[in-house]
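In what follows, a structure is listed as structure tokens, so that the remarks can point back to it.
What's counted below: heavy atoms across the whole structure, side chains too, no hydrogens, waters or symmetry copies. If you're wondering where the values come from, they're calculated on a predicted model, not measured in any experiment. Counting begins at 1 with the first residue of the sequence.
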Amino acid sequence: MLEETLMNHVKKISHQKDMANKSQMIVKGCVDFFPFQRASLFSYSCLTGVGEGICACTSEDTFSLHNVRENIHDIYPIHQAVIHNKPIYLTIQHAKSSIPAKYVKRFSISSLAIIPLIVNDLAIGLVLVDPIHANEPVTKNDLMKLSHYLKLAVSSTFDSAPPTYLLSKREVEVLQYLANGMGLKQMAPKMSVSEFTVRDHISSAIRKLGVNHRTEAVAVAIRHKMII
């Protein structure tokens with residue numbers, strides 16, 4: 001019965017057009033159908049190494065993580081999970097010693113599981129989940145089932161190609177510069193425009209691609225060979 005209910009949830013995710021609602025539904029599924037008390041979704045750029053928070057969910061609430069931004073390469077276990085495309089479980093001791101202290105304190109992190117999100121062999125993000133019982137290890141079976149669910153849920157997001165024809169040359173240009181690791185101050189003189197104009201091009205590209213973050217826009221652009 002659970003399998004059928006879970007698959008129905010995945011179908012609902014695939015039919016959801018709004019990316020913000022889709023993201024919330026994905027993390028909500030981690031809490032509703034698996035033994036976890038909280039799930040947090042992050043985008044990730046394999047080019048810059050930066051992870052950006054999108055949203056998190058508990059059994060009682062869903063909230064934004066847009067103010068969370070870190071270089072994943074500096075957080076060893078998360079980096080390992082992403083580059084090896086393999087879920088990792090951290091005990092309380094391991095989590096507290098390897099996750100930045102400011103997040104351990106802010107989110108009251110105990111034990112933690114890390115599940116990378118891979119689309120066409122490209123890491124585009126990750127999900128962090130907190131077990132309901134911090135002192136009880138997450139089983140390999142639970143991690144495998146959760147990874148399978150996330151693979152189905154995330155792949156449904158990329159079923160249709162983005163409207164690449166709607167992007168202007170300037171919008172493609174800023175996405176390429178972002179992929180190269182450049183910031184607004186570096187882009188502006190190259191494009192002979194102000195930083196505000198560069199920001200507008202980036203915002204427009206994000207909107208047209210139907211994503212929420214710069215890193216998501218870059219990942220989609222690379223996947224569909226709009227940039228290299």
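- Other residues, nucleotides and ligands place more than 12 heavy atoms under 6.0 Å from the NE2 atom of His94.
- Taken from CG in Leu126 to CD1 in Ile78, the straight-line distance is 6.0 Å, to the nearest 0.5 Å.
- Side-chain contact between Ile109 and Leu90: absent, with no pair of heavy atoms (C-beta onward) separated by less than 4.5 Å.
- No donor-acceptor pair closer than 3.5 Å links the side chain of Gln24 to the backbone N or O of Asn21.
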*Any chance you could lay out the side chain to side chain contact (heavy atoms under 4.5 Å, CB included) test for Glu216 and Ile54, step after step, and finish with the verdict?*
CA-CA 10 Å; Glu216 285 182 275; Ile54 299 176; 4.2 Å; yes
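- The structure places CG of Leu143 at 10.0 Å from CD1 of Ile114, a figure rounded to the nearest 0.5 Å.
- Taken from CG in Asn85 to CD1 in Ile118, the straight-line distance is 4.0 Å, to the nearest 0.5 Å.
- Shown here for Val129 and Cys30, the closest heavy-atom pair between the two residues is CG1-CB, 4.3 Å.
- For Arg199, the CZ atom is densely surrounded, since the number of other residues' heavy atoms within 6.0 Å is greater than 12.
- Atom CZ of Phe63 has more than 12 neighbouring heavy atoms from other residues, nucleotides or ligands inside a 6.0 Å radius.
- Applying the ring pair (Phe, Tyr, Trp, His ring centres under 6.0 Å) criterion to His66, with sequence neighbours excluded, gives His213.
- Taking OG of Ser97 as the reference point, atom CD1 of Ile92 lies at 12.0 Å (rounded to 0.5 Å).
- Between Glu4 and Asn8, the closest side-chain pair of non-hydrogen atoms falls below 4.5 Å.
- Gly183 and Gln186 get closest at one heavy-atom pair: N-OE1, 2.8 Å.
- Using a 4.5 Å cut-off on side-chain heavy atoms (C-beta onward), Ile99 and Ile75 make contact.
- The closest donor-acceptor contact from the side chain of Asn180 to the backbone of Met182 lies at 3.5 Å or more, if one exists at all.
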*asked:* Please determine whether side chain to side chain contact (heavy atoms under 4.5 Å, CB included) holds for the pair Lys145 and Phe34, giving the CA-CA distance in whole Å, both sets of side-chain angles, and the decisive distance to 0.1 Å.
replied: CA-CA 9 Å; Lys145 285 184 176 180; Phe34 300 91; 3.8 Å; yes
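- Note that the NE2 atom of His79 and the CD1 atom of Ile72 stand 9.0 Å from one another [nearest 0.5 Å].
- When Ile202, Leu178, Thr197 are each tested for a side chain to side chain contact (heavy atoms under 4.5 Å, CB included) with Leu184, only one passes: Ile202.
- Atoms OG and CZ, on Ser43 and Arg214 in that order, are 11.5 Å from each other to the nearest 0.5 Å.
- Side-chain contact between Leu65 and Glu52 is absent, with no heavy atoms from C-beta onward closer than 4.5 Å.
- A 4.5 Å side-chain heavy-atom check between His201 and Met187 finds every atom pair outside the cut-off.
- Residues Pro87 and Ile115 share a closest heavy-atom pair of CB-CG1, 4.3 Å.
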*For the pair Val31 and Thr58, evaluate side chain to side chain contact (heavy atoms under 4.5 Å, CB included) and give the outcome as yes or no after the intermediate values.*
CA-CA 7 Å; Val31 173; Thr58 65; 5.8 Å; no
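- At a threshold of 4.5 Å between non-hydrogen side-chain atoms, the residues Phe107 and Asp130 do not count as touching.
- Of all the heavy atoms in Gly29 and Tyr149, the pair that sits closest is CA-OH, 3.4 Å.
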*Yes or no on side chain to side chain contact (heavy atoms under 4.5 Å, CB included) for Leu175 and Val220, after CA distance, side-chain angles and deciding distance?*
CA-CA 10 Å; Leu175 289 179; Val220 171; over 6 Å; no
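- Using a 4.5 Å cut-off on side-chain heavy atoms (C-beta onward), Phe36 and Val138 make contact.
- At least one side-chain heavy atom of Leu152 sits less than 4.5 Å from a side-chain heavy atom of Met7.
- Heavy atoms only, all atoms of each residue included: Ile13 and Met25 are closest at N-CE, 3.7 Å.
- Taking every heavy atom of both residues into account, Pro116 and Lys86 meet most closely at CG-N, 3.6 Å.
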